[in-house]
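Here's the structure we're looking at; comments come further down.
Convention: sequence-line order gives letters A, B, ...; per-chain numbering from 1.
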2 protein chains.
Amino acid sequence: MRMTPQRQLVLDALLELEHATPEQVCQHVQRATPTVNITTIYRTLELLEELDLVRHTHLGHGAPKYSVHEHEHVHLVCHRCGHVDESPRSVMDELSAVLRTAHGFELDAGHLALSGTCQSCAQETP
Amino acid sequence: MRMTPQRQLVLDALLELEHATPEQVCQHVQRATPTVNITTIYRTLELLEELDLVRHTHLGHGAPKYSVHEHEHVHLVCHRCGHVDESPRSVMDELSAVLRTAHGFELDAGHLALSGTCQSCAQETP
DNA sequence: TTAAGTGCAAACGGTTTGCATGGAT
DNA sequence: ATCCATGCAAACCGTTTGCACTTAA
């Protein structure tokens, strides 16, 4: 693999943006180098993910979010306001164990988000 | 609301198919009535969801799955083979309580799937 | 001089919109 | 006469593909 300027830019963007859609990564990269094409963003994200440098999470609607593969956490998406909160992975430990024994299922807590109603939205309609 | 033939067909399809994408619902409906347009499927699914007769779940990639709003369960999606298993909602009770106290987050266990590796895929690469 | 990386355009799957027609009240 | 529901076509967003051009090994 060659660490081309484009690839470095994508990685830099992810380090800065924390969680970003391919589209957002592209915009960020294009501020520095406007010629970079979104196709390259997609291809680079796929590559970086194969190298385990990057992960993506499906938040429910629309495009997935990419982030550097560190500090894993669980995503809590509010389906009313769209706000995304985070919780340490450890909150899933118990569930993880249950699913393993009951289904033989190895949970990957980071990959899919949890959906629900966030605190402030829940207060609006008590 | 008027229960038109099209709407009844969509509801019937969901009762029969259990979990289906809008596309799959459409194909099923069109076997009985080929003239029904996919736009109507989308509009009807949205309507039925507002009436709480129907729910949709994001399984990660591609189109969401719709089902009649009964016997709620958690979806376990294998990100290797794509297989979807189900688990009773109660497996999330503990997590649900933790998220409520720690984040004020009201978990909606049915709406988003859990991602991981299913039993048979896990055995292939032990 | 071969292979990998890129940009561009075009296709794609899934979804939404605008608009004109049709039926039920 | 009005309004809701439908079909159709076109636009839309996010993503992937094919292909030609470039560049580094």
Side-chain angles (χ1 to χ4, degrees), chain A residues 1-14 17 19-51 53-67 77 79 82 84 111-113, chain B residues 1-14 17 19-51 53-67 77 79 82 84 111-113:
Chain A
M1 202 269 299
R2 289 172 45 216
M3 190 45 116
T4 65
Q6 289 91 334
R7 289 175 178 171
Q8 190 61 56
L9 283 166
V10 169
L11 202 47
D12 290 347
L14 285 175
L17 295 174
H19 296 287
T21 62
E23 190 62 42
Q24 289 167 332
V25 172
C26 189
Q27 283 172 14
H28 189 98
V29 165
Q30 288 184 342
R31 279 209 279 279
T33 312
T35 61
V36 177
N37 192 274
I38 190 151
T39 308
T40 301
I41 307 291
Y42 278 105
R43 290 197 273 234
T44 302
L45 289 173
E46 191 185 359
L47 173 73
L48 295 176
E49 191 152 29
E50 274 164 23
L51 298 175
L53 293 173
V54 156
R55 268 179 125 327
H56 78 272
T57 303
H58 292 281
L59 257 33
H61 338 315
K65 297 273 197 172
Y66 285 78
S67 57
V77 183
H79 48 36
V84 179
H111 188 240
L112 284 181
Chain B
M1 206 268 299
R2 288 173 44 216
M3 189 47 112
T4 65
Q6 290 90 332
R7 288 175 178 171
Q8 190 61 56
L9 282 167
V10 169
L11 202 47
D12 290 349
L14 285 174
L17 296 174
H19 297 287
T21 62
E23 190 63 41
Q24 290 168 332
V25 171
C26 190
Q27 282 172 16
H28 190 98
V29 165
Q30 288 183 341
R31 280 209 279 279
T33 313
T35 61
V36 176
N37 193 274
I38 191 151
T39 307
T40 302
I41 307 290
Y42 278 105
R43 288 196 274 233
T44 302
L45 289 173
E46 191 185 359
L47 173 72
L48 294 177
E49 191 152 28
E50 274 165 23
L51 298 175
L53 294 173
V54 156
R55 268 180 125 328
H56 80 271
T57 304
H58 291 282
L59 258 31
H61 339 316
K65 297 273 198 172
Y66 285 78
S67 57
V77 184
H79 48 37
V84 180
H111 188 241
L112 285 182

Starting at [atom1] of [X] and ending at [atom2] of [N], how long is that distance when rounded to a whole Å?
X      : N       : atom1 : atom2 : answer
L47(B) : dT6(D)  : CG    : C1'   : 13 Å
H61(A) : dG14(D) : NE2   : P     : 13 Å
E46(B) : dT6(D)  : CD    : C1'   : 15 Å
I38(A) : dT16(D) : CD1   : C1'   : 12 Å
Y42(B) : dA11(D) : OH    : C1'   : 15 Å
L9(B)  : dA5(D)  : CG    : P     : 16 Å
Q24(A) : dT15(D) : CD    : P     : 11 Å
Q27(A) : dC13(D) : CD    : P     : 12 Å

(message) Does a side-chain N or O of R43(B) approach OP1 or OP2 of dA5(D) to a distance below 4.0 Å, or not?
(response)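 Checking R43(B) against dA5(D): no side-chain N or O falls below 4.0 Å of OP1 or OP2.
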
Going from [atom1] on [X] to [atom2] on [Y], what distance comes out if it is rounded to the nearest 0.5 angstrom?
X      : Y      : atom1 : atom2 : result
E49(B) : R55(B) : CD    : CZ    : 7.5 Å
H19(A) : T57(A) : NE2   : OG1   : 7.0 Å
L11(A) : Y66(A) : CG    : OH    : 14.0 Å

(message) Can you tell me which residue among T21(B), V36(B), T39(B), I41(B) is in a side-chain contact (heavy atoms from CB on, under 4.5 Å) with C26(B)?
(response)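 Checked T21(B), V36(B), T39(B), I41(B) against C26(B); only one passes side-chain contact (heavy atoms from CB on, under 4.5 Å): I41(B).
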
(request) Scan L48(B), D12(B), L47(B), L53(B) and name whichever one has a side-chain contact (heavy atoms from CB on, under 4.5 Å) with R7(B). (result) L47(B)

(request) Walking along DNA chain C from 5' to 3', note the first and the last nucleotide with an atom under 4.0 Å from a heavy atom of chain A, and give both. (result)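 Here the contact window of chain A covers dG5(C) to dA9(C).
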
(message) Measuring only between side-chain heavy atoms, which start at C-beta, is V10(A) closer than 4.5 Å to T40(A)?
(response)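 A side-chain contact is absent here, since even the closest heavy-atom pair is not under 4.5 Å.
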
(message) From the set dG14(D), dT6(D), dC4(D), return the single nucleotide nearest to any side-chain atom of R2(B).
(response)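 Among the listed nucleotides, the one closest to the side chain of R2(B) is dC4(D).
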
(request) Look at all strands and tell whether Q6(B) reaches a base, only sugar-phosphate, or nothing, counting heavy atoms closer than 4.0 Å. (result)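 Result for Q6(B) = sugar-phosphate.
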
